[in-house]
Amino acid sequence: MTIGFALLAALCNAINVTTQHIASTSDPKKSKGWRLVRYLFSSPLWLLGWAALAAAFVFQALSLHRGEMSVVQPLLVTELVFVLVLRRVVIHQSIRAITWWAGGLTCVTLALFVAMSEPQGGNDFPSSHAWVGATGVTVGTATVLAILGMRGSAVRRAALLGSSTAIMWALVATFIKTMTQTLSQYGIVGMFTHWPVYALAASGLAAEILNQAALHVGPLSTSQPFLVIVDPIVSIALSVWIFEEYFTPNAARLTLAALGFAGMCASATVLIRTTPATMAGPATTRSTARS
């Protein structure tokens, strides 16, 4: 069920991205400010996107509660493939052959990593020492990258802020996992008497602010590869550090797993860079060409 819930979370994230992008760009009056906000809140498609985002959070929480973080977080990369399918099926975009090949290779190499690495173990209630150390290093690194990303070229800033954002989202995943443990142990009311839910709220807000900054300062083709690749790398490191997860001791299998992970990162980057820059459908494209 861990893999199933993780894939559902990735699908819901893809639906959120697709529906909200279409809704935000389909206003015939091209409204701005409060008029745009009012238009969006009256758009069923935009509201569907928020429902999908809420469902994605629930599915991710279920998968993290039931399984290893070093499995769940890498599987969320499949969001890129789901978005590609939705672009083709819903928007009827023309997708290049190399992009489809990159999407397929992303899935194959991801499956190779999960199958060969055999993530297992884990401590549902990590020590305070592990939490303090891992959180301090993670937040400190994200802060340094964010500060460095305040200056320089647009590409440099997008890369640094994208990396900072990905690190924070990995930390958010650790808080989601431990929050589900306190929820199952103490119930909804008891959950609010323990720290994980507040750590989740604070880190989630910080991650979203960084995410918006990364999307604003530079091209998506620069920030998104870092968002996609850095997150699972840091998530795996945190899963070992905080939750004491571990992998197979077989050297040959670990080598194949490492090759699979590297292949996933490379193919996901190709997928991102060859995907159409906008979600404009064929009709919009022809209209733009005529104008």
Side-chain angles (χ1 to χ4, degrees), residues 1-13 15-16 50-79 113-114 117-142 165-211 230-249:
M1 293 300 290
T2 298
I3 293 177
F5 282 135
L7 292 176
L8 284 172
L11 174 59
C12 289
N13 276 328
I15 293 173
N16 165 257
W50 277 108
L53 183 62
F57 176 82
V58 172
F59 285 129
Q60 183 183 7
L62 288 171
S63 59
L64 286 169
H65 178 66
R66 291 173 173 267
E68 295 81 9
M69 185 171 158
S70 49
V71 173
V72 175
Q73 293 305 108
L75 284 173
L76 296 182
V77 173
T78 56
E79 173 191 339
F113 164 73
V114 173
S117 62
E118 294 183 344
Q120 54 195 292
N123 178 10
D124 290 338
F125 300 98
S127 66
S128 299
H129 182 269
W131 273 120
V132 172
T135 302
V137 170
T138 303
V139 173
T141 303
T165 302
I167 291 172
M168 285 304 300
W169 281 128
L171 183 63
V172 167
T174 66
F175 293 141
I176 292 175
K177 182 174 178 63
T178 198
M179 183 201 70
T180 63
Q181 300 298 336
T182 57
L183 175 61
S184 63
Q185 186 175 16
Y186 302 105
I188 295 178
V189 176
M191 177 183 69
F192 288 98
T193 64
H194 293 78
W195 65 267
V197 66
Y198 303 105
L200 172 60
S203 60
L205 177 61
E208 184 56 32
I209 292 173
L210 287 170
N211 185 52
V230 174
D231 185 336
I233 292 175
V234 177
S235 294
I236 291 171
L238 291 177
S239 73
V240 174
W241 189 346
I242 298 175
F243 298 108
E244 300 178 6
E245 296 178 10
Y246 58 91
F247 302 94
T248 177

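Residues meeting the side-chain hydrogen bond (donor to acceptor under 3.5 Å, both in side chains) test with Q120, sequence neighbours left out: none. For I233, the side chain to side chain contact (heavy atoms under 4.5 Å, CB included) partners are I229, F261, not counting sequence neighbours. In this structure Y186 satisfies the ring-ring contact (aromatic ring centres under 6.0 Å, His included) test together with H194, sequence neighbours excluded. Scored by the side chain to side chain contact (heavy atoms under 4.5 Å, CB included) test, N211 finds T165, W169, E208, L215, L227 as partners (sequence neighbours excluded). Legend: residues meeting side chain to side chain contact (heavy atoms under 4.5 Å, CB included) with L205, ordered by chain and number and at least two apart, are I209. For Q185, the side chain to side chain contact (heavy atoms under 4.5 Å, CB included) partners are F125, not counting sequence neighbours.
Note on residues 127-142: no pairs pass side chain to side chain donor-acceptor pair (under 3.5 Å), not counting sequence neighbours. Residue pairs meeting the side chain to side chain donor-acceptor pair (under 3.5 Å) criterion with at least one partner in residues 197-206, sequence neighbours excluded, are absent.
Within 6.0 Å of the CG atom in L53, the count of heavy atoms belonging to other residues, nucleotides or ligands exceeds 12.
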Show the numbers, then the answer: is there a side-chain contact (heavy atoms from CB on, under 4.5 Å) between F247 and I236?
CA-CA 10 Å; F247 302 94; I236 291 171; 3.6 Å; yes
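The CG atom of L200 sits 10.0 Å away from atom CH2 of W195, with the distance rounded to the nearest 0.5 Å. To the nearest 0.5 Å, atoms CG (L183) and OG1 (T178) are separated by 11.5 Å. Taken from OG1 in T174 to CZ in F243, the straight-line distance is 5.5 Å, to the nearest 0.5 Å. Atom-to-atom distance recorded for M179:CE and S184:OG is 10.0 Å, nearest 0.5 angstrom. Distance check: L7 CG to T2 OG1 gives 11.0 Å after rounding to the nearest 0.5 Å.
Here the closest non-hydrogen pair linking C12 and A52 is CB-O, 3.3 Å. In terms of heavy atoms, A170 sits closest to V234 at CB-CG1, 3.7 Å. The shortest non-hydrogen separation linking V197 to M191 is CG1-O, 3.7 Å. Here the shortest heavy-atom pairing between I167 and A142 reads CG2-CB, 4.1 Å.
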Under 3.5 Å, side-chain donor or acceptor atoms of residues 64-79 against the rest of the protein: list the pairs with distances, not counting sequence neighbours.
| residue | atom | partner | partner atom | Å |
| --- | --- | --- | --- | --- |
| H65 | ND1 | T180 | OG1 | 3.2 |
| H65 | ND1 | Q181 | NE2 | 3.4 |
| S70 | OG | E245 | OE1 | 2.6 |
| Q73 | OE1 | Q60 | NE2 | 3.0 |
| Q73 | NE2 | D231 | OD1 | 3.4 |
| T78 | OG1 | L75 | O | 2.7 |

